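In this text, all values refer to a predicted model and were calculated from it rather than measured experimentally. Just so it is clear, the values below take in all heavy atoms, side chains as well, and ignore hydrogens, waters and symmetry mates.
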Amino acid sequence: MKKIKIVVAGPRGRMGQEAVSLVHNTEHFELVGVLDRKNNGGNLSELDGFNGISAPIYSDIEECLHELRPDVLIDLTTPEVGMKHAVTALKSGVRPVVGTTGFSKEDLEELNRLCQEKELGCIIAPNFAVGAILMMKFSQMAAKYFSDVEIIELHHDKKLDAPSGTAVKTADMIAQVRQEKQQGHPNEKETHSGARGANIEGMRIHSVRLPGLIAHQQVIFGAEGQTLTIRHDSYNRASFMSGVKMAVENVMKLDVLVYGLENILD
C-alpha cells in the first residue's frame, strides 16, 4: 500500500501530539513535516515529548506545502487558523482534515467551492470520536419520535467555544427531522439570564466547563411518562484518533467537502 504523506499542524497541542503519534505509528502513513508557530527550521525530534519522531518544522504553511508536497494536512488548531490552513492546503493541491470547530456557513461554502474547483476532498469534523458520531446519529433517529429534547455538553475548562461544535452539530442533525418547537412553559421566565441555555429552534443547549473533564455530551429526550438519554464520554484524547485515521483514509477518495464524520461512516 502506498504511504499517505501527512503534515500535522499544531504538533505541540494535546490533540496535535496524539495526531503525530497516530501518523508515526500507522504503517501506511508517513509524517513528512509539521506546522508550528515556533521552532521554524528545527526538527520535531528536538522537542520534548517527540523522542525518535523526526520531521522538519515549518512556521509558514505555503513554504511547508510547496517544499514537502504532502497528500494530507491534519489541522487540530483553532477555527481561525484551521480555516486559513484549509484554504491554503486546497489551493496547494493538498487535502485538509480539520478537527477544529466554529466554522461559519460562509466558511463551509468557500471550502466547498474550492473543493469543487480543485477536485479535492476536505473533511471538517466537529468531533473525531466514533462513539460521539454514533451518539449524534442515534439522537437524530430518536428525534423522529421525541420532539422535546435538551442537550448538555461538558468539557474541560480550557475550551474556548460554547456551545461545543458537537452540540451544535447534534442540534442541526435533530432539526433536520424535527419540527421547530418552543419547549417549556409558554410563560417561562429566566430569573437569571442564560439559565435555560442557548436556544436552537426551541432546543436548549447547556455548556459545562470544569477541570477534570475532557469531552462529554448527553442528549435528553422527554415524552409523556418517559425519558431517553443518549450519552457519550471521551476520557482521553486518544479516543479521537480512530476518527482521524478514518478521515485521512477517506479524504484521499473524495473530491468534495464533507462536514461531519457521520457522512463517511458505513
Checklist entry - Quick check: are there more than 12 heavy atoms from other residues, nucleotides or ligands sitting under 6.0 Å from CD of Glu188? => result yes
Checklist entry - Heavy-atom count around Asn51 CG within 6.0 Å, excluding the residue itself: above 12? => result no
Checklist outcome for this item: d(Ser164 OG, His155 NE2) to nearest 0.5 Å is 4.5 Å
Item to check | ILVMFWY cluster, Val20 and Leu68 together (side-chain gap under 4.5 Å) | outcome: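 Not linked; separate clusters.
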Item to check | ILVMFWY network linking Met83 to Val8, side-chain heavy atoms under 4.5 angstrom | outcome: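 Shared cluster, no.
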Item to check | Minimal non-hydrogen separation, Pro96 against Ala86, with atom names | outcome: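 Result for this residue pair: CG-O, 3.7 Å.
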Checklist entry - Going by heavy atoms in the side chains, are Leu47 and Ile57 under 4.5 Å from each other? => result yes
Next on the checklist: With a sphere of 6.0 Å drawn around CZ of Arg231, does it hold more than 12 non-hydrogen atoms of other residues, nucleotides or ligands?
Outcome noted: yes
Checklist entry - Which value, rounded to the nearest 0.5 Å, describes the distance between Asp75 atom CG and Met15 atom CE? => result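 Answer rounded to 0.5 Å: 10.5 Å.
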Checklist entry - Which pair of heavy atoms, one from Lys181 and one from Ser147, lies closest together, and at what distance? => result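 Nearest heavy atoms, Lys181 then Ser147: NZ-OG, 3.5 Å.
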Item to check | Point-to-point distance, once rounded to the nearest 0.5 Å, from NZ of Lys158 to CG of Leu213 | outcome: 11.5 Å
Item to check | 4.5 Å side-chain heavy-atom contact, Glu18 and Phe240 | outcome: no
Item to check | Contact check, side chains of Val97 and Phe128, non-hydrogen atoms, under 4.5 Å | outcome: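 Counting from C-beta outward, Val97 and Phe128 do come under 4.5 Å.
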Next on the checklist: Would you say that more than 12 heavy atoms from the other residues, nucleotides or ligands in this model lie under 6.0 Å from the NZ of Lys91, or not?
Outcome noted: no
Checklist entry - Is Ser139 reaching over with its side chain to a backbone N or O of Met135, donor-acceptor style, under 3.5 angstrom? => result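 Flag set: sc Ser139 to bb Met135 pair under 3.5 Å.
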Next on the checklist: Taking the side chain as everything from C-beta on, heavy atoms only, tell me whether Val94 gets closer than 4.5 Å to Val7.
Outcome noted: no
Checklist entry - In Å, rounded to the nearest 0.5 Å, how long is the span from CD of Glu201 to CD of Gln182? => result 9.5 Å
Next on the checklist: Do Pro126 and Val168 have side chains that approach each other closer than 4.5 Å (heavy atoms only, starting at C-beta)?
Outcome noted: no
Next on the checklist: Is there a path of hydrophobic side-chain contacts, each under 4.5 Å between heavy atoms, that joins Val251 and Leu111?
Outcome noted: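 Different clusters: Val251 never reaches Leu111 through Ile, Leu, Val, Met, Phe, Trp or Tyr contacts under 4.5 Å.
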Next on the checklist: Using every non-hydrogen atom in the two residues, find where Leu90 and Gly121 come nearest and quote the distance to one decimal.
Outcome noted: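 Smallest interatomic distance, heavy atoms only, reads CD2-O, 4.1 Å.
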Item to check | Closest non-hydrogen atom pair, His24 against Gly52 | outcome: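 For His24 and Gly52, the tightest heavy-atom pair comes out as CE1-O, 3.9 Å.
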Checklist entry - Within a radius of less than 6.0 Å around CD of Glu119, do more than 12 heavy atoms belonging to other residues, nucleotides or ligands occur? => result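 Result for CD/Glu119: open.
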Checklist entry - Between His85 and Thr88, is there a donor-acceptor pair closer than 3.5 Å when you use the side chain of the first and the backbone of the second? => result no
Checklist entry - OG1/Thr191 to NZ/Lys189 distance, rounded to the nearest 0.5 angstrom? => result 8.5 Å
Checklist entry - Can Val98 be reached from Tyr58 by stepping across I, L, V, M, F, W or Y side chains whose heavy atoms are under 4.5 Å apart? => result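 No; Val98 is not reachable from Tyr58 via cluster members.
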Next on the checklist: Could you tell me if the side chain of Leu35 sits less than 4.5 Å from the side chain of Leu73, heavy atoms only?
Outcome noted: yes
Item to check | Exam field: side chain Thr227 to backbone Phe221, donor-acceptor pair closer than 3.5 Å | outcome: no
Checklist entry - According to a 4.5 Å side-chain heavy-atom criterion applied to Ile, Leu, Val, Met, Phe, Trp and Tyr, with indirect links allowed, do Leu120 and Ile124 form part of one hydrophobic cluster? => result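 Yes; Ile124 is reachable from Leu120 via cluster members.
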Checklist entry - Asp107 side chain to Ser104 main-chain N or O, any donor-acceptor pair under 3.5 Å? => result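 A pair under 3.5 Å: yes.
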Checklist entry - Side chains of Glu62 and His66: does their closest heavy-atom pair fall under 4.5 Å? => result no
Next on the checklist: With heavy-atom distances below 4.5 Å as the criterion, would you say the side chains of Met173 and Met141 are in contact?
Outcome noted: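 Met173 vs Met141: side chains apart.
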Checklist entry - Is the count of non-hydrogen atoms from other residues, nucleotides or ligands lying under 6.0 Å from Leu160 atom CG greater than 12? => result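 No, CG of Leu160 has 12 or fewer neighbouring heavy atoms, counting only those of other groups under 6.0 Å.
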Next on the checklist: How long is the straight-line distance from CD1 of Ile123 back to CE of Met246, given to the nearest 0.5 Å?
Outcome noted: 9.5 Å
Next on the checklist: Between Glu150 and Arg196, does any side-chain N to carboxylate O distance fall below 4.0 Å?
Outcome noted: yes
Next on the checklist: Whether the Ser239 and Asn236 side chains hold a donor-acceptor pair (N or O, under 3.5 Å, no angle test) is what I'd like checked.
Outcome noted: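 There is no such pair (donor and acceptor under 3.5 Å, judged by atom type) between the side chains of Ser239 and Asn236.
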Next on the checklist: Tell me if the NZ atom of Lys5 is crowded by more than 12 foreign heavy atoms within 6.0 Å.
Outcome noted: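 Count not over threshold, so no.
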Checklist entry - When you measure from the side chain of His232 to the backbone N and O of Ile230, does any donor-acceptor pair fall under 3.5 Å? => result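 Judged by distance alone, no pair lies under 3.5 Å.
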Checklist entry - Do Asp71 side-chain atoms and Ile4 backbone N/O form a donor-acceptor pair below 3.5 Å? => result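 No, Asp71 side chain to Ile4 backbone: no donor-acceptor pair under 3.5 Å.
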Checklist entry - Taking Gln183 for the side chain and Val149 for the main chain, is one N or O donor matched with an acceptor at less than 3.5 Å? => result yes
Checklist outcome for this item: Between Met136 and Thr166 the two heavy atoms that sit nearest each other are SD-O, 3.9 Å
Checklist entry - Does a side chain donor of either Thr170 or Gln217 reach within less than 3.5 Å of an acceptor in the other side chain? => result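 Yes, Gln217 and Thr170 have a side-chain donor paired with an acceptor closer than 3.5 Å.
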Item to check | Any donor-acceptor pair under 3.5 Å from Gln17 side chain to Arg12 backbone | outcome: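 Side chain of Gln17 to backbone of Arg12, a donor-acceptor pair under 3.5 Å: yes, one is there.
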Checklist entry - Taking all non-hydrogen atoms of both residues, which atom of Thr26 and which atom of Lys245 are closest, and how far apart? => result CG2-CE, 4.0 Å
Next on the checklist: Given 3.5 Å as the limit, does a donor-acceptor pair link the side chain of Arg178 with the main chain of Ala143, or not?
Outcome noted: no
Next on the checklist: How about CD on Glu27, more than 12 heavy atoms from neighbouring residues, nucleotides or ligands closer than 6.0 Å, or not?
Outcome noted: no
Next on the checklist: Could you check whether any side-chain N or O of Asp60 sits under 3.5 Å from a backbone N or O of Glu63, counting only pairs where one atom can act as donor and the other as acceptor?
Outcome noted: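 Side chain of Asp60 to backbone of Glu63: a pair is present.
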Checklist entry - With respect to Glu153, which candidate in Gln218, Arg209, His216 satisfies the side chain to side chain donor-acceptor pair (under 3.5 Å) definition? => result Arg209
